[in-house]
Amino acid sequence: MIFRGLLISGLVLLTTSFDLQAKIYSSPILTEAQSLLVNQPERTLTITNSYLEQRRLSQPQDPSRVHLNGEADHSTRTPLNTVNALQIQAQALSLLQRPEKAITVIKKAEKTAFDNNLMFSVFESRILLAQFYWVNLSNSATALKMLNTLNIEMKQTQPINLSRQLQELKYKSMMLRALIESSIGKDSAAEKLFIKAKGYLVTFDDKDETINYQLTLGQHYLRHDHYDMALDRLLSGYWLAVENDDQPQIARANYELAQLFEERHVLDKALEHATQAGEFFERYKRTQELAKTLALIASIYEQQGRYNLALVHYFNALDQENQLKHDLRSASLRLNIARIYLHLCNYSKTEQYIVQARNLALQSGNEKIVAESQILQGQLELEKSELDDAITSLQAGLISASRIGATNLQLMGESILSEAFEKQNDYYNALLSQRRYEQLYAAKQKNATRSNTEVFKQQQKMMERSLKLEDMEREQFINKNALYKQQQISLTLIGVLVILLLLLWRRQHINKQLKQQLTKLTTDYYTHPRSGLRNLRMLNARLANSLQQSSANFEQWHLGEIINEPLSDRLRFALFEVSFLKRIYLEKGYQQGLAAEKEFGNYLQQQVLEPARIYHFSDAMFLYIEPNARLSCDPKQLAESMQLLIDNYTLPLNINNSLQIGMAEYPFLPRAYTAINDQELIDILLMAVDAGISLNDKQPGSHWVHICAIDAAPAASFVGDNIRRSCIEGIDKGLVKVRSSTNNEIIWNYDHNINNDIN
């Protein structure tokens with residue numbers, strides 16, 4: 001993301017919390033102001049202003065009791081409480097994006113503390129001052145310089161008698177320095193500081209600060225793309241916050257986890273965490289964090305292709321950023337909105353928001369947004385087929401992106417530019433752009449590999465340190481009796497594990513045998529016992545599902561859910577009777593009949609190849625099914641193919657080769673794909689075969705009958721419980737066409753005659 005650094009640094013005031021061990025104030029007013037600081041900084045500012053204005057500063061009678069903060073008189077305030085109030089007020093001003101006023105107030109707090117010899121508060125105020133310079137003014141150099149000076153002063157000055165207070169100051173200073181080093185790209189230096197800070201944290205035994213440390217370290221790893229370690233730290237902080245019911249820290253952890261999952265493209269988890277964070281920020285009206293969360297949610301929706309939801313959240317985020325007067329973030333959001341409109345093919349809106357984003361970026365001098373707007377402009381012009389303008393815009397954007405080293409923008413720009421040159425038939429420049437793209441991508445992958453190697457090394461170092469620490473702790477607490485007990489438990493567990501492994505092995509062996517038996521039974525169940533072909537059970541099991549899928553595809557095409565008509569889903573059916581199989585048992589006996597039928601089945605399996613398939617329908621009848629991708633088909637051609645298939649087998653054996661074939665297509669009704677089901681279609685084929693047999697009685701030899709409905713045949717004509725009667729009625733009305741191998745009139749079976757009561 002373009003402003004990931006800005007988004008992460010927005011939560012820094014939470015990460016550098018100075019509530020170590022829940023800082024205790026003698027005044028309930030200051031306690032209330034501190035508790036409202038994170039969620040309601042405006043209210044905190046009002047409370048501290050009222051406290052400082054309505055109470056006069058008193059001088060303590062006993063300097064040694066200055067830290068006791070006694071305030072029996074509600075009209076006065078002690079110097080220490082005055083400093084505390086000013087510190088809280090400065091932090092509230094910083095959260096409200098008023099850095100100049102915050103710096104003025106914290107300097108006043110420092111001076112008051114120094115005048116009253118409150119050195120702990122002096123150093124604490126200077127840490128806050130360095131924090132404001134970094135967070136609010138983005139001046140990391142000045143902040144680091146202040147922290148360096150502070151460290152020297154803490155070593156030289158000895159006014160702080162309590163070693164714990166000195167440790168707290170060192171911890172705060174080290175954490176802030178680590179955050180600054182991390183933000184300016186000094187990954188290794190920041191990690192060393194975090195490790196040193198953890199040494200001080202162990203002595204505090206403070207749960208709130210432990211949560212803050214885990215989340216801050218996770219944020220650091222996330223910033224530098226160390227995703228595995230980031231996930232470990234962020235989840236640790238999240239569950240600690242849940243255990244403590246610390247709602248602000250839970251919201252912060254949710255936001256960081258959402259960013260992590262979004263970058264790892266685990267979008268469902270990212271959306272879940274981002275939504276939870278957004279609900280908290282909205283409830284407590286934390287506009288700045290809410291704007292960032294809304295933008296993150298919109299980005300997730302955009303990656304999911306849910307553009308309308310993304311657009312709504314981008315607009316909501318833009319409203320929040322406009323209130324905060326963040327021109328840079330507003331420009332970035334406008335580019336995101338333009339990109340969504342481009343996906344939705346709303347070119348006028350796309351152009352409008354690109355121009356707005358570019359103008360804001362030019363005012364603030366942000367070259368990255370300018371470069372991205374030029375590339376997006378080029379993509380828009382490419383969509384509008386304005387190729388010359390598109391190439392100009394893309395080249396300008398690539399120059400800007402190259403100047404600032406924005407690799408992702410360069411990758412996107414080179415890809416679009418290659419496409420523009422290709423559409424312009426300038427294949428030479430298109431190839432050059434593609435090569436530049438491949439070079440940039442290769443470099444990016446190399447950097448990613450190097451980063452993974454560094455992460456592995458860091459993990460190894462951390463594991464080594466962790467193991468050493470565990471060894472030291474184990475030497476302190478483990479004795480001989482505990483070691484003996486551990487050995488006994490280990491032996492017991494190993495024995496149980498061995499038994500479980502044996503049981504699992506036996507279970508696996510039994511399961512394997514059962515699966516083999518089931519496979520054999522399934523094969524036998526769906527195979528004809530004599531021919532070895534797929535039998536009627538397999539036909540009943542597969543045909544209904546096949547026709548349902550075909551019907552569903554046709555409905556999707558008609559509804560516009562798929563673009564191309566699914567011609568490959570059309571099917572042709574041919575049910576044919578092989579007369580010689582009936583006679584072979586009578587003429588040559590049962591054993592030779594079985595052998596001949598098995599040989600014939602093997603022959604059909606070899607000749608009928610995928611995607612066509614053949615089933616042994618009954619004793620001497622076989623069903624042939626093949627895809628029918630062509631809209632028009634010649635039944636005579638299919639009949640001749642079937643006849644040729646039988647002839648190739650019967651002619652060498654000099655046996656009768658006559659066939660009676662019934663043919664039909666699916667869908668049977670061109671205007672109602674689901675009107676005829678699988679059982680009715682088979683009934684139509686049987687009816688056609690029966691007609692072929694009747695033709696054979698008049699004129700011996702092979703015959704075929706093809707039945708199909710006309711294109712305009714209504715589905716209502718075939719509604720009923722007897723499809724044969726419906727077909728005969730359709731033939732009489734001209735709704736069903738009948739073609740056959742002869743011109744002889746077909747006399748339909750008496751059982752199907754419309755003049756008789758079939759029911």
Side-chain angles (χ1 to χ4, degrees), residues 1-7 138 262 291-292 294-296 298-303 307 310-322 324-421 423-424 429 433 436-437 440 444:
M1 299 175 65
I2 296 177
F3 294 105
R4 193 180 80 184
L6 288 174
L7 297 180
S138 300
E262 190 254 355
K292 298 167 188 174
L294 288 171
L296 180 59
S299 175
I300 296 168
Y301 280 135
E302 181 182 356
Q303 293 178 65
Y307 297 122
L311 199 60
V312 169
H313 284 80
Y314 274 135
F315 276 123
N316 290 337
L318 183 61
D319 291 339
Q320 302 290 334
E321 295 293 0
N322 287 338
L324 295 169
K325 297 180 180 180
H326 291 164
D327 292 343
L328 200 59
R329 292 175 186 163
S330 296
S332 176
L333 287 170
R334 283 180 165 83
L335 273 184
N336 293 334
I337 292 170
R339 187 171 57 252
I340 296 295
Y341 275 128
L342 184 58
H343 283 302
L344 298 174
C345 299
N346 190 335
Y347 298 140
S348 59
K349 287 287 187 182
T350 304
E351 179 77 21
Q352 174 186 339
Y353 281 95
I354 288 174
V355 171
Q356 292 178 7
R358 185 186 298 122
N359 291 338
L360 286 172
L362 289 171
Q363 290 175 11
S364 59
N366 189 282
E367 290 187 46
K368 195 167 189 178
I369 296 181
V370 172
E372 187 177 5
S373 68
Q374 289 171 328
I375 291 173
L376 193 58
Q377 179 72 32
Q379 189 175 0
L380 170 63
E381 289 163 350
L382 179 61
E383 292 290 333
K384 294 163 66 176
S385 298
E386 298 172 2
L387 299 180
D388 291 331
D389 293 337
I391 290 171
T392 302
S393 298
L394 289 168
Q395 288 176 337
L398 282 169
I399 291 172
S400 299
S402 176
R403 183 166 54 248
I404 60 177
T407 305
N408 289 335
L409 288 180
Q410 288 178 270
L411 284 168
M412 181 173 67
E414 291 292 357
S415 176
I416 301 169
L417 183 60
S418 177
E419 183 181 351
F421 278 128
K423 286 187 176 181
Q424 205 179 39
N429 283 319
S433 292
R436 287 194 294 271
Y437 172 87
L440 288 168
K444 184 179 179 181

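- Using a 4.5 Å cut-off on side-chain heavy atoms (C-beta onward), Ile391 and Gln395 make contact.
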Would you list the atom pairs, donor with acceptor, under 3.5 Å between side chains in residues 310-318 and any protein atom, with sequence neighbours excluded?
| from | atom 1 | to | atom 2 | distance (Å) |
| --- | --- | --- | --- | --- |
| His313 | ND1 | Leu309 | O | 2.9 |
| Tyr314 | OH | Glu302 | OE1 | 3.0 |
| Asn316 | ND2 | Val312 | O | 3.4 |

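- Contact of the Tyr353 side chain with the Leu335 side chain is not registered, since no non-hydrogen atoms from C-beta on lie closer than 4.5 Å.
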Could you check Gln424 against Asn429 for side-chain hydrogen bond (donor to acceptor under 3.5 Å, both in side chains), going step by step and ending with a plain yes or no? CA-CA 10 Å; Gln424 205 179 39; Asn429 283 319; over 6 Å; no
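- Contacts of Phe421 classified as ring-ring contact (aromatic ring centres under 6.0 Å, His included), with partners at least two apart in sequence or in another chain: none.
- Here the side chains of Leu394 and Gln374 are not in contact, with every heavy-atom distance at 4.5 Å or above.
- Residue pairs meeting the salt bridge (charged side-chain N to carboxylate O under 4.0 Å, His left out) criterion with at least one member in residues 397-411, sequence neighbours excluded: Glu367-Arg403.
- Contact check for Ser299 versus Gln303: side-chain heavy atoms found under the 4.5 Å cut-off.
- Looking at heavy atoms from C-beta onward, Leu333 lies in side-chain contact with Asn336 at the 4.5 angstrom threshold.
- When all heavy atoms of Ile369 and Ala357 are compared, the pair lying nearest together is CG2-O, 4.2 Å.
- Side-chain contact between Arg436 and Leu398 is absent, with no heavy atoms from C-beta onward closer than 4.5 Å.
- The salt bridge (Lys or Arg N to Asp or Glu O under 4.0 Å) check on Glu386 picks up Lys384, with sequence neighbours excluded.
- Taking both residues in full, the closest heavy atoms of Ala361 and Ala331 are given as N-CB, 4.3 Å, listed atom of the first, atom of the second, then distance.
- When every heavy atom of Met412 is checked against every heavy atom of Ile375, the shortest pair comes out as CE-CG2, 3.7 Å.
- Between the side chain of Ser415 and the main chain of Leu411, no donor-acceptor pair closer than 3.5 Å is present.
- Listed for the Thr350 side chain is a donor-acceptor partner under 3.5 Å among the backbone atoms of Asn346.
- Asn322 meets the side chain to side chain donor-acceptor pair (under 3.5 Å) test with Ser330; sequence neighbours excluded.
- Formation of a donor-acceptor pair under 3.5 Å by the Gln320 side chain with backbone atoms of Ala291 is not found in this model.
- Using a 4.5 Å cut-off on side-chain heavy atoms (C-beta onward), Glu351 and Gln377 make contact.
- Considering all non-hydrogen atoms of both residues, Lys368 and Leu409 come closest at O-CD1, 3.7 Å.
- Residues Glu372 and Arg358 are not paired through a salt bridge, judged by the lack of any N-O separation under 4.0 Å between the basic side chain and the carboxylate.
- Under the salt bridge (Lys or Arg N to Asp or Glu O under 4.0 Å) criterion, Lys423 pairs with Glu419, sequence neighbours left out.
- Distance alone, capped at 3.5 Å, is enough to place a donor-acceptor pair between the Ser373 side chain and the Val370 backbone.
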